[in-house]
Q: 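Below: one structure in C-alpha cells.
Since the structure is predicted, the reported quantities are computational estimates derived from the model, not experimental observations. Here is the naming used below: chain letters follow the sequence lines, and residue numbers restart at 1 for every chain. Computation of the quantities below employed the complete heavy-atom set of this structure, encompassing side-chain atoms and omitting hydrogens, waters and symmetry-equivalent molecules.
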Amino acid sequence: MLDAKLFRGELDSLAKELGRRGYELDTEAVVALETRRRDLQTKTQELQNQRNTRSKEIGAAKAKGEDIEPLLAEVNDMGEDLKRCEQDLAEIQSNLQTIGLSVPNLLDASVPDGKSEDDNVEVKKWGEPKAFDFEPLDHVALTESGALDFEAGSLLTGSRFTVMRNEVARLHRALSQYMLNLHTSQHGYTEMNVPYIVNANSLTGTSQLPKFEEDLFALKGDSNYYLIPTSEVPLTNLVRDKIIDKTDLPIRLTAHTPCFRSEAGSYGKDTRGMIRQHQFEKVELVHVVHPDTSWDALEELAGNAQTVLQNLELPYRMVTLCSGDTGFAAAKTYDIEVWLPGQQMYREISSCSNCTDFQARRMKARFRNDEGKTELVHTLNGSGLAVGRTLVAVLENYQQEDGSVNVPTVLQDFMQTDTILKK
RNA sequence: GGAGAGUUGGCAGAGUGGUCGAAUGCGGCGGUCUUGAAAACCGUUGACGGGUUAAACCGUCCGGGGGUUCGAAUCCCUCACUCUCCGCCA
C-alpha cells in the first residue's frame with residue numbers, strides 16, 4: 001500500500017509513475033472520493049465534538065446534583081445526524097481503502113522500462129554453460145526409470161504434481177538441507193518453522209490478497225484459511241502489527257516450506273516435467289530492515305541466493321525485471337536464472353525483491369527511530385532457492401553420457417555417493 | 001468436544017456507566033550526582049487520522065465486529081484468540 005498522502009497531492013505525477021507498470025490509476029474517482037472524504041470527516045468530527053462536549057456537561061451537572069432534564073432535551077436530536085455522517089464516512093473510507101489495496105508499489109528509478117520478460121536487463125552472468133560431447137537430455141528423459149514419476153503424481157492428485165523416488169527424493173532433501181545450513185551458518189539467517197496455512201490478514205499484509213486470490217488454494221469452510229504460496233507470507237507477517245526495537249534490526253529469517261500455487265492463467269505453460277508445479281518446496285530468505293539499508297540488503301540477499309548456485313557450480317545469470325514484469329509489491333526485483341541444458345535456456349530459480357515500505361504499511365510493521373517516532377520498516381524477500389527447480393538444474397547439468405548423474409561435491413557427504421541413477 | 005477464567009499503552013498490570021486515553025511498576029528519553037559508568041533521585045514518555053511553517057487545537061482507538069445510552073475500557077450480543085480443568089489424540 002502506498003502512503004495515502006500521495007493520493008491527495010500530485011495525482012497526475014503519481015498516475016504517470018504507476019503507468020510505467022501499465023497500471024492505470026483512476027484519478028477522477030480518487031479526487032471525487034477524497035473531496036467527499038474531507039468534507040464528511042470535518043463534519044463528522046464537528047458533530048462528535050459537540051456530542052462529547054454536551055455529554056461532559058451533563059456528567060458535570062449530574063455530579064453537582066443539578067437537574068439534567070433540560071440538557072437532555074437539548075441533545076436529543078443530535079444522534080441521527082451524527083450516525084448518518086459516520087456511516088457515510090465509513091463507506092467512503094472503505095472505498096478509498098479498496099483502491100489503496102489495489103495500487104501496486106512505486107518502482108525504483110533504476111528499474112528499466114519495458115512491457116514483458118523480454119525487456120528484462122541482464123546484469124550478471126556466472127559460469128559458462130557446459131559443452132556436452134553428447135546430446136544432453138532434459139530431467140524428464142533422465143528420470144524415465146521412475147525416479148521422477150509424473151504418472152504417479154497425476155494418479156494421486158492431478159496434473160502438475162510429481163512423485164520423487166529413491167535417490168532423487170534423497171537428492172531433493174539434500175538440496176534443501178544444504179541451503180538451510182548454508183544460510184544459517186554462513187549468512188546470518190535465523191531458521192524458522194512456520195505454518196503452511198495462513199489467514200486472510202497475513203495474505204493481505206504481503207499483498208497476495210485481495211487482488212490475487214485466484215492464484216491461491218483456499219481451504220473449505222468459513223475459516224478464511226489459505227495454503228501458503230510462499231513462506232514469504234508467514235515469515236514477513238511475523239512483524240505484522242509490531243513496533244520493533246531498532247536494535248533488533250535487521251531481522252533475517254529463513255524457512256524451508258512447501259508452496260502451493262493454483263497456477264491459474266498458466267494453462268499449457270511448462271507442462272513437461274517439474275518446472276511448474278502446484279506444490280513445490282522452497283527455502284525462502286526474508287529481511288526486515290531499517291529503510292536506509294534496504295537497497296544494500298537487496299544486493300546481499302541476491303548474493304546469498306547466488307552463493308548456493310556457485311557452491312553447486314551451476315551456471316546462472318541475473319536480470320533486473322523491467323517495469324512491466326516487476327511484481328505488485330516490489331520496488332525492484334532481481335531474477336536469478338539457472339542454465340538448463342535440457343531446455344538450452346536460463347530459467348528462473350530465485351526472485352529477490354525489495355518491497356520498501358509497501359508491505360510494511362499494509363502490515364503496520366514499524367520500528368522506533370532515533371527521535372522516538374514510529375517509522376515503517378522495509379521488507380525484502382527472495383528464494384534461496386526453489387528446491388524443485390534446483391533439483392532439475394542439478395540433474396540436467398551433472399548428467400553423464402550413460403544417463404547417470406554426478407552428485408555436486410558439496411552434497412556428496414549427505415548423499416553418501418558421488419553418482420546416482422547408475423544403470 | 002465439555003466446563004470455567006481471561007484479552008487494557010513497548011512490556012507487566014489497575015480500572016465495572018460521567019473531566020479515563022486510562023493509576024502504578026518496568027523499559028525508553030532528558031537531567032542531577034560522578035573522571036566515566038552503575039546505583040539513587042528529579043522530570044518526561046501511547047498509536048493513528050485531521051490541522052499547523054511549527055505548535056495550539058479537533059477526532060478515533062482499551063482483542064475484532066455490532067448494539068444499548070446524552071455519555072461505554074466498564075452493560076448486552078457475536079466472533080477470534082489465550083489460559084486452567086475434563087475428555088480424546090500423534
Q: Mind checking the C1' distance from A72(B) to G18(B)? Whole angstroms is fine.
A: 10 Å
Q: Name all pairs fulfilling the ring-ring contact (aromatic ring centres under 6.0 Å, His included) condition that reach into residues 215-255 of chain A, sequence neighbours left out, sorted by first residue then second.
A: Phe217(A)-His278(A)
Q: Rounded to whole Å, how long is the line connecting atom NZ of Lys364(A) with atom P of A47(B)?
A: 15 Å
Q: What interatomic distance, in whole Å, is found between C1' of G27(B) and the corresponding atom of G9(B)?
A: 12 Å
Q: Is a side-chain donor or acceptor of Asp119(A) paired with a backbone partner of Gly114(A) at a separation under 3.5 angstrom?
A: no
Q: If the P atom of U60(B) is compared with that of U74(B), how far apart are they to the nearest Å?
A: 15 Å
Q: Under 4.0 Å, counting only non-hydrogen atoms across every strand here, what does Ile243(A) touch: a base, just sugar-phosphate, or nothing?
A: sugar-phosphate
Q: Determine yes or no for a side-chain-to-main-chain donor-acceptor pair under 3.5 angstrom, with Asn199(A) supplying the side chain and Ser202(A) the backbone.
A: yes
Q: What's the CG-P distance between Asn49(A) and C58(B), to the nearest Å?
A: 7 Å
Q: Evaluate salt bridge (Lys or Arg N to Asp or Glu O under 4.0 Å) for Glu263(A) paired with Arg276(A), printing each intermediate quantity in order.
A: CA-CA 8 Å; Glu263(A) 293 297 342; Arg276(A) 191 174 299 275; 3.3 Å; yes
Q: Do Asp215(A) and Arg261(A) pass the salt bridge (Lys or Arg N to Asp or Glu O under 4.0 Å) test, and can you show the C-alpha distance, the side-chain angles, and the key distance before you say yes or no?
A: CA-CA 6 Å; Asp215(A) 296 337; Arg261(A) 300 189 181 175; over 6 Å; no
Q: Compare every heavy atom of Ser323(A) with every heavy atom of Asp113(A), then report the nearest pair and how far apart it is.
A: CA-OG, 3.4 Å
Q: What integer distance in Å separates Arg51(A):CZ from U19(B):C1'?
A: 16 Å
Q: Rounding to an integer number of Å, can you tell me how far Ile244(A) CD1 sits from C11(B) P?
A: 13 Å
Q: Check whether Asn105(A) reaches the backbone of Cys355(A) with its side chain - one donor and one acceptor, N or O, closer than 3.5 Å.
A: yes
Q: Among G51(B), A47(B), G49(B), which nucleotide has an atom closest to any side-chain atom of Arg366(A)?
A: A47(B)
Q: Specify the separation, in whole Å, of atom CD of Gln48(A) and atom P of A72(B).
A: 11 Å
Q: Under a 3.5 Å cut-off for both distances, is U68(B) Watson-Crick or wobble paired, and to whom?
A: none
Q: With a 3.5 Å limit on both atom pairs, tell me what A3(B) is paired to, counting Watson-Crick and G-U wobble, or say none.
A: U84(B)
Q: Nearest 0.5 Å, what's the OG-CD distance between Ser353(A) and Glu232(A)?
A: 7.5 Å
Q: When the nearest nucleotide of RNA chain B is assigned to Lys83(A) and to Lys5(A) on a heavy-atom basis, which residue is associated with the more 5' position?
A: Lys5(A)
Q: Heavy-atom contacts under 4.0 Å between residues 193-210 of chain A and RNA chain B, which residues?
A: none
Q: Just by distance, do the side chain of Glu284(A) and the backbone of Lys282(A) share a donor-acceptor pair under 3.5 Å?
A: no
Q: Count the heavy atoms belonging to other residues, nucleotides or ligands that lie under 6.0 Å from CG of Asp413(A), then report whether that count exceeds 12.
A: no
Q: Expressed as a whole number of angstroms, how long is the span from Gln45(A):CD to U60(B):P?
A: 8 Å
Q: Roughly how far apart, to the nearest Å, are A22(B) and A73(B) at atom P?
A: 12 Å
Q: For U78(B) versus G4(B), give the span between their P atoms, rounded off to a whole number of Å.
A: 14 Å
Q: Over all strands shown, is Thr374(A) touching base, sugar-phosphate only, or nothing at heavy-atom distances under 4.0 angstrom?
A: sugar-phosphate
Q: Using a heavy-atom cut-off of 4.0 Å across all strands, would you classify Asn52(A) as base, sugar-phosphate, or nothing?
A: sugar-phosphate
Q: To the nearest Å, give me how far apart CG (Asp241(A)) and P (C81(B)) are.
A: 16 Å
Q: Could you please name the option among C81(B), U68(B), G59(B) that lies closest to any side-chain atom of Tyr225(A)?
A: C81(B)
Q: Using purine N1 to pyrimidine N3 plus N6-O4 or O6-N4 for Watson-Crick, or N1-O2 and O6-N3 for G-U wobble, both under 3.5 Å, which nucleotide pairs with C20(B)?
A: none
Q: Hunt down the Watson-Crick or G-U wobble partner of C41(B), both distances under 3.5 Å, from any strand shown, or write none.
A: G31(B)
Q: Whole Å only: how far is the CD atom of Glu86(A) from the P atom of G49(B)?
A: 19 Å
Q: With C1' as the reference atom in both, quote the distance from U52(B) to U69(B) in angstrom, rounded to an integer.
A: 36 Å
Q: Checking base pairs now: Watson-Crick or wobble, both atom distances under 3.5 Å. What partners U53(B)?
A: none
Q: If only side-chain N and O atoms of Arg54(A) are considered, is one of them under 4.0 Å from the OP1 or OP2 phosphate oxygen of G18(B)?
A: no
Q: Classify the side chain of Lys62(A) versus the base of G18(B) as yes if they form a donor-acceptor pair under 3.5 Å and no if they do not.
A: yes
Q: Considering only atom P, compute the distance from A23(B) to G31(B) and round it to an integer number of Å.
A: 25 Å
Q: Does the structure show a Watson-Crick or G-U wobble partner for G46(B), both distances under 3.5 Å? Name it, or say none.
A: C61(B)
Q: With nearest nucleotide decided by heavy atoms, which residue, Gln93(A) or Thr53(A), maps closer to the 5′ end of RNA chain B?
A: Gln93(A)
Q: I'd like the C1' distance from C58(B) over to U8(B), given in whole Å.
A: 25 Å
Q: Quick one: is Arg368(A) getting a side-chain N or O under 4.0 Å of the A47(B) phosphate, OP1 or OP2?
A: yes
